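Just so it is clear, the model here is predicted, and its values are computed rather than measured. Reminder, nothing fancy here: chain letters follow the sequence lines and each chain counts from 1.
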Amino acid sequence: MTQKWEELKKEIVAKIESANDLNSIENIRIELLGKKGLINGLMAQMKDVPKQEKKDYGMAVNSLKQLTESLIAKKTTDLKEKEMLKQLHEDKIDITLPANRGKYGTLHPLTVVQQEIEDIFIGMGYAVVEGPEVELDLYNFEKANIPPDHPSRDMQDTFYVDVHRLLRTQTTAIQMRVLEDEHDMLPIKVVCPGKVYRKDDDDATHSHQFVQVEGLVVGENITVGDLKGSLELLARSMFGSGREIRLRQSYFPFTEPSIEIDVSCHICGGSGCPTCKNTGWIEILGAGMVHPRVLEMAGINSEKYTGFAFGVGVERVAMLKYGVDDIRHFYANNIKFLDTYKRFE
Amino acid sequence: MKITYNWLKQYIDLSDISKQELADVLTKAGHEVESFEDQAYGTNLVIGHVLSCQKHPNADNLHICQVDVGTDTRQIICGAPNVAEGQKVIVALPGCKLVSGEIKPSIVRGEISNGMICSLSELNVDKKLLTEQQLAGIEVLADDAEVGNSNVLKYLGLDDTIYEISLTPNRADCLSIWALAKDIGAVLNKEVNLPNYSYKVKKSKTDLIIHSETEKAPYFIGTIINNLTIKESPKWLKNALIAVGIKAINNVVDISNYVMLETGQPLHFYDLAKIPAKEITVKMGLDEIYTALDGQQYHVLEDDLMITTENRAIGYAGIMGGEDSKIDESTKGIIIEAAHFNMVNVRNTSRRLGLFTEAATRFSKGIDPLAAQIATERSIQLLIELAEAENIEETVIFGDTGYKPTIIEASVTKINSLLGTHFEYIDMFNVFKALDFKPEKKDEDKIITYIPSYRTDIELWQDLSEEVIRILGYENIVSTLPKMPTTQAKYAENGKSRRIINAMLNGYGFNEVVTYSLVSQANIDAGILSIGTPVRISNAMGEDRRFYRTSLLPSLLDCVSYNIARDNYEYALFETANVYSDEGKERLHLSLAISEKTTYSKWQNVYGNNDFYSVKGIILNILEKLGYEKKRIFFKPLSNGKKLLHPNKAADIYLGKNLIGYMGHIHPLAKNNYAINESVIAEINLDAVFAEKPSKIKFEKIARYPAVNYDLALVVEEKVTAEQIISTIKKAGGSLLDLIEIFDVYRGKGIEKGYKSVAVSISYRSSDKTLSENDIIPIHKQVLEQLSDKLDAVLRD
């Protein structure tokens, strides 16, 4: 008897094993577990089994049923998985085809650099202040210690509107407005970005329009050392943490002492290359301590308060940073040029 | 300005300072060296003697020369027309390096050539300094030149190094080489020995009359020298002038130039015989045509300072003397002029005339108030020495130098606290001493300084602090950060909103551009949303850049046009920039332009179709992001698009009651004018936007009860707008109306021409309950009636 159950069991296992798709396993399920299936058939024969064997017979059929059910369930799962794998395989795409890529626009490189500088100083508690581009001679020159007929007016050829109005030649004009507006609300800590204009013929290195960012700090006990420390931070944020700066004597009418600031070359690290004309240094900032006369004109006591100011040309920084060889690229706005600035650096 | 190594070497011991070091020192001290270059270049040169010179048999223009170079005699082929037997010449031996390359033995048309006979331009001497004769041929040396001398550059006086210095405007004093030498001496901490210019001559009484009619020439000193000899200057003098780029003319003229270079005081020498009245008067303006010594005629204007005699012009004061009183071979006596002329007048006149002479440069920048006397004495000394000057009259002085000595008290503490340094009293004292400020100790902290007359830039103790750090070196400054109360960082006004606009437009694929603010009349005329009368530049570079723009779109379209011409057919560009009006208004504008098509994926055939509605969407989204609810924003029929916008495919944009801009498709004419493709453009007044208060964000309950939806297809006349349909439905639908959406607009089969079918989906919803049919039917009926009554709308079957 046991022999017979074992054979039957083998038969069922083999049958289920032979199923190779979901259809055939379903057919096998009906054949074995359906109303008219094998298991029900065995159950029906129960009535013919002698009474003393009924219990064993019943248990044997039941165990056969449970086995069948679990084998079919497992086989079904396996086959489903197999079919899924097949399906997935058929779904395979060529992931190397080009993206459906909506274009992302760019900020103009001058804006990128300007914002970068603004953000460095915002991080140090500076306020960003702007001012008019059509400016008064008063703020552009006179308050900046450049009276009429001052020889340094020759340094900057100016676009005049009339006797009093001009296109500002330097964002120093904004600083002069800040000094006047805030002379009784010291300390002052501002950066002043903006377009400036000079009567220069446009060529690879000159532009009649360009962007400056100037900074101004006025308070008690502000020193040349503070200027150096602040600009060192700027240089390192802009050109990398290894940068050094070097101060050189210079002249601006609105500062005393006046200083030119060189940054160690970010290309060669100071050993000399075409970018730094083999000097290892790149001239990048004009700066100095606010001239006492400028402070006094704004109503600030120059014996009690001191301050520093600095200015940087945004085009120059962008040209150095990105290796742009002609300043006119910034104003031609060829899309191929603009698309270069998709990334932040 | 130019200075030379050899010139400075006369005053300062430079034996331990290389030419590069000198350049570095100058730059560090604030006198930036733009370049420095050897006056002439050539290795392996020797003086040779042309023993014979014959025509080359195979070439008309070549000569075969046998040249004695001391060690041997060699054959050299020479192409110069002026080569001749017996000349002493400069020979470049094989192996000699010149700027043009290395000299090698060669065969020229079948004849051996073992070197080259040189011209000065081949030795890289500045061509401007050479005569036509020198430029045309080889340099012929004096007969006594020593054959075999291999130190040729020294023999020629061309062994100097020339530094081109860019002087800052405050240091015009260094246009005097003596003043510059003193400065360099202070930086190097070395003694400076300037020439002694005393002489022993008894001067005679003078009847020279000098007068100035204008305070613009407050000081004028004149000296008559009755006898002198005009001749060629000695070699040292000629070489000194040539080295700094001044032509040597004759001994007397050369002395005036040389002394000006030394002292910074421009001098003028008049031919005494041409001023018989012995009277000189300075006047302001004369109505005459005047011939200057460059032979050119100039018209004198009323602000020009003129030197006159007997009411006749003999010189533009401080700029250039006159043709008819200039020094020439026949000159026997001179009048020396050393004066002060107003810097502004000289600058304006020299600029107007385009005469930027060495004298004008110096007067324009300001001269040492005490130099006139010194320069006069120095020139008399040299005239005696080099021009046999005799019969010298007493110097006549008109006016006053106006010089007041500057005395400044310097506090060591104050200077240290401005610089952030810890220099000792003695360090600063020594700086002042080296600069010849004649320091005196007042107390333990204070030093009294007496500023030399030529240092007109020094007026305050802060100026002295600059001298201290300049001489002691900026490397002594230690980096610190300001110690001060905390300040609040701020973006620029509306700076944050501007960054949001930038970021959103970038997200929509727009590239930011920056264009020129100065534009032409045509650009002004094309503008829309213009701020007003343009600001006009009085001294513009040209008509292309005459005005400050009043609108941004024309520049942006120029930019599109530039890109189309470079095959960039797909574009999305924007600019934010200020516009100004002559009345003093300033506004921040935004302009944008986008091509009709944007390619997303070619192989999948996915393209963006940019039209009025997509740009309308971008503008709505930006305004919403900036804080303005959609219901405050209106697009109304275009009121004034000039010729830039398509009159029927464009709109006025309103925020509340204020017109903030224009947008829409480009006008077909403008499209042609700018030679661009189909484009949607806009210009918005951002200041008008920022002036509006952003809407507050309010929490709204999320609807709990379901909506009931109806879809309608309405046939209406073409003139009926979507907005009319929506507002009619809104009015009729009342408070239960939840959403209205247009989901189709159809024209064509089944719809009569002149009509369109507009499909609208309407949903009703209550916040208190689930709506029943009974709630909705009367309202919906009313909606349909109103659509029919007001808009003649018919339901499409």
J.: Checking B/Thr27 against chain A: side chain, backbone, both or neither under 4.5 Å from a heavy atom?
T.: both
J.: Does any heavy atom of chain A fall under 4.5 Å from the side chain of B/Val514, the backbone, both, or neither of them?
T.: both
J.: May I ask you to check whether A/Tyr331 and B/Thr515 show a side-chain donor-acceptor distance below 3.5 Å?
T.: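 There is no such pair between these side chains.
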J.: What part of B/Ala29 lies closer than 4.5 angstrom to a heavy atom of chain A: side chain, backbone, both or neither?
T.: backbone
J.: Can you give me the closest heavy-atom contact between A/Ser258 and B/Tyr474, atom names plus distance?
T.: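 It is O-OH, 3.8 Å.
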J.: Between B/Lys602 and chain A, with a heavy-atom cut-off of 4.5 Å, which part of the residue counts as in contact: side chain, backbone, both or neither?
T.: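 When you check distances to chain A, no heavy atom of B/Lys602 falls under 4.5 Å.
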J.: Which pair of non-hydrogen atoms, one from A/Ile222 and one from B/Pro482, has the smallest distance, and what is that distance?
T.: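 Closest heavy-atom pair between A/Ile222 and B/Pro482: CD1-CB, 3.8 Å.
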J.: Let me know if B/Ala503 has heavy atoms under 4.5 Å from chain A in its side chain, its backbone, both or neither.
T.: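 Backbone only.
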J.: Side chain from CB out, backbone as N, CA, C, O: work out which of these in A/Phe308 comes under 4.5 Å of a heavy atom of chain B, or both, or neither.
T.: side chain
J.: Does any heavy atom of chain B fall under 4.5 Å from the side chain of A/Lys195, the backbone, both, or neither of them?
T.: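 Side chain only.
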J.: So, taking the atom named NZ in B/Lys414 and the one named OG1 in A/Thr306, what distance separates them when rounded to the nearest 0.5 Å?
T.: 12.0 Å
J.: Identify whether the distance between the nearest side-chain nitrogen and carboxylate oxygen of B/Asp24 and A/Arg248 falls below 4.0 Å.
T.: no
J.: Do B/Pro485 and A/Pro187 have side chains that approach each other closer than 4.5 Å (heavy atoms only, starting at C-beta)?
T.: yes
J.: Rounded to the nearest 0.5 Å, what separation is found between the CG atom of A/Leu227 and the OG atom of B/Ser479?
T.: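 With rounding to 0.5 Å, CG (A/Leu227) is 9.5 Å from OG (B/Ser479).
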J.: On a heavy-atom basis, which atom in B/Leu418 and which in A/Glu256 lie closest, and how many Å separate them?
T.: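 Heavy atoms of B/Leu418 and A/Glu256 come nearest at CD2-O, 4.4 Å.
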J.: Checking A/Asp262 against chain B: side chain, backbone, both or neither under 4.5 Å from a heavy atom?
T.: neither
J.: At a 4.5 Å cut-off on heavy atoms, which part of A/Tyr197 comes close to chain B: side chain, backbone, both, or neither?
T.: side chain
J.: Identify which part of B/Tyr580 has an atom lying under 4.5 Å from any heavy atom of chain A, answering side chain, backbone, both or neither.
T.: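 For B/Tyr580, the side chain is the part near chain A, not the backbone.
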J.: Got A/His208 and B/Met541 here, is their nearest side-chain heavy-atom distance under 4.5 Å?
T.: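 A side-chain contact exists here, since the closest heavy-atom pair is under 4.5 Å.
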J.: When only pairs under 4.5 Å are counted, which of A/Gly219, A/Ser302, A/Ala127 shares the most heavy-atom pairs with chain B?
T.: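 Winner by heavy-atom pair count: A/Ala127.
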J.: Tell me, side chain or backbone of B/Asn563 under 4.5 Å from chain A's heavy atoms, or both, or neither?
T.: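 Just its side chain gets close to chain A.
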J.: Salt bridge between B/Arg499 and A/Asp119, side-chain N to carboxylate O under 4.0 Å?
T.: yes
J.: Please report the closest heavy-atom contact between A/Gly125 and B/Thr487, naming both atoms and the distance.
T.: O-OG1, 2.8 Å
J.: For the residue pair A/Val161 and B/Ser538, what are the closest heavy atoms and their distance?
T.: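 So the minimum-distance heavy-atom pair works out to O-CB, 3.7 Å.
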J.: Look up atom CD in B/Glu466 and atom NE2 in A/His291, then write down how far apart they are to the nearest 0.5 Å.
T.: 9.0 Å
J.: Donor-acceptor pair, distance only, cut-off 3.5 Å: does the side chain of B/Trp603 make one with the backbone of A/Leu97?
T.: no
J.: Test salt bridge (charged side-chain N to carboxylate O under 4.0 Å, His left out) on B/Arg498 and A/Glu130 and set out the steps.
T.: CA-CA 13 Å; B/Arg498 275 145 62 187; A/Glu130 294 173 332; 2.8 Å; yes
J.: Checking B/Tyr571 against chain A: side chain, backbone, both or neither under 4.5 Å from a heavy atom?
T.: both
J.: Starting at CD of A/Gln209, measure out to CZ of B/Arg545 and round the result to the nearest 0.5 Å.
T.: 8.5 Å
J.: Do you see a donor-acceptor pair shorter than 3.5 Å between the side chains of B/Asn511 and A/Asp339?
T.: yes
J.: Under a 4.5 Å heavy-atom cut-off, does chain A meet the side chain of B/Val513, its backbone, both or neither?
T.: both
J.: Could you walk me through whether A/Glu133 and B/Tyr548 pass the side chain to side chain donor-acceptor pair (under 3.5 Å) check?
T.: CA-CA 10 Å; A/Glu133 293 164 48; B/Tyr548 198 106; 2.3 Å; yes
J.: Thinking salt bridges, do A/Lys103 and B/Glu570 make one under a 4.0 Å N-O criterion?
T.: no
J.: Starting at CD of B/Glu475, measure out to NZ of A/Lys228 and round the result to the nearest 0.5 Å.
T.: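 Atom-to-atom, B/Glu475:CD and A/Lys228:NZ are 8.0 Å apart.
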J.: So B/Leu573 and A/Ile335, do their side chains get closer than 4.5 Å, heavy atoms only?
T.: yes
J.: Below 4.5 Å from any heavy atom of chain B, which atoms of A/Arg246 appear? Answer side chain, backbone, both or neither.
T.: neither
J.: What part of B/Arg470 is in contact with chain A, defined as an atom under 4.5 angstrom from a non-hydrogen atom: side chain, backbone, both or neither?
T.: both
J.: What part of B/Leu481 gets closer than 4.5 Å to chain A, counting heavy atoms only: side chain, backbone, both or neither?
T.: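 Interface part for B/Leu481: both.
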J.: Is it the side chain or the backbone of B/Asp582 that comes within 4.5 Å of chain A heavy atoms, both, or neither?
T.: both
J.: Could you tell me which non-hydrogen atom of B/Ala489 sits nearest to which non-hydrogen atom of A/Ile122, and how far apart they are?
T.: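 That would be CB-O, 3.2 Å.
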J.: Which atoms of A/Phe330 are under 4.5 Å from chain B, going by heavy atoms: the side chain, the backbone, both sets, or neither?
T.: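 It is the backbone, since no side chain atom gets that close.
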J.: Answer whether the closest heavy-atom distance between the side chains of B/Ile537 and A/Phe159 falls below 4.5 Å.
T.: yes
J.: If you count heavy-atom pairs under 4.5 Å between each of B/Leu505, B/Asn578, B/Thr168 and chain A, which one has the most?
T.: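 Heavy-atom pairs under 4.5 Å are most numerous for B/Thr168.
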J.: Between B/Thr480 and A/Thr223, is a side chain to side chain contact (heavy atoms under 4.5 Å, CB included) present by the stated rule, with each step listed?
T.: CA-CA 8 Å; B/Thr480 51; A/Thr223 69; 4.0 Å; yes
J.: Please classify the contact between B/Ser417 and chain A as side chain, backbone, both or neither, with a heavy-atom cut-off of under 4.5 Å.
T.: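 Backbone only.
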J.: Could you walk me through whether B/Asn568 and A/Asn334 pass the side chain to side chain donor-acceptor pair (under 3.5 Å) check?
T.: CA-CA 8 Å; B/Asn568 301 327; A/Asn334 189 320; 2.9 Å; yes
J.: With a 4.5 angstrom heavy-atom cut-off, is it the side chain or the backbone of A/Leu233 that approaches chain B, or both, or neither?
T.: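 A/Leu233 touches chain B through side-chain heavy atoms alone.
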J.: Donor-acceptor pair, distance only, cut-off 3.5 Å: does the side chain of A/Asn333 make one with the backbone of B/Cys559?
T.: no
J.: Distance alone, cut at 3.5 Å: any donor-acceptor contact between the side chains of B/Lys483 and A/Asn221?
T.: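 No, A/Asn221 and B/Lys483 have no side-chain donor paired with an acceptor closer than 3.5 Å.
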J.: Examine whether an atom of A/Ala332 lies under 4.5 Å from a heavy atom of chain B, and if so say whether it belongs to the side chain, the backbone or both; otherwise answer neither.
T.: both
J.: For side chain to side chain contact (heavy atoms under 4.5 Å, CB included), just list the numbers for B/Tyr491 and A/Val128, CA-CA rounded to whole Å, side-chain angles, deciding distance to a tenth of an Å, and then say yes or no.
T.: CA-CA 5 Å; B/Tyr491 284 109; A/Val128 182; 5.6 Å; no
J.: Between the side chains of B/Trp461 and A/Glu303, does any donor sit under 3.5 Å from an acceptor?
T.: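 Present: a donor and an acceptor within the cut-off.
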J.: At a 4.5 Å cut-off on heavy atoms, which part of A/Leu167 comes close to chain B: side chain, backbone, both, or neither?
T.: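 Answer is side chain: those atoms of A/Leu167 sit under 4.5 Å from chain B.
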J.: Heavy-atom cut-off 4.5 Å, strictly under: side chain, backbone, both or neither for B/Met484 against chain A?
T.: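 Side chain only.
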J.: Is B/Glu459 salt-bridged to A/Arg293, cutoff N-O under 4.0 Å?
T.: yes
J.: Between A/Gln249 and B/Gly30 (side chain of the first, backbone of the second, donor and acceptor by atom type, cut-off under 3.5 Å), is there such a pair?
T.: no
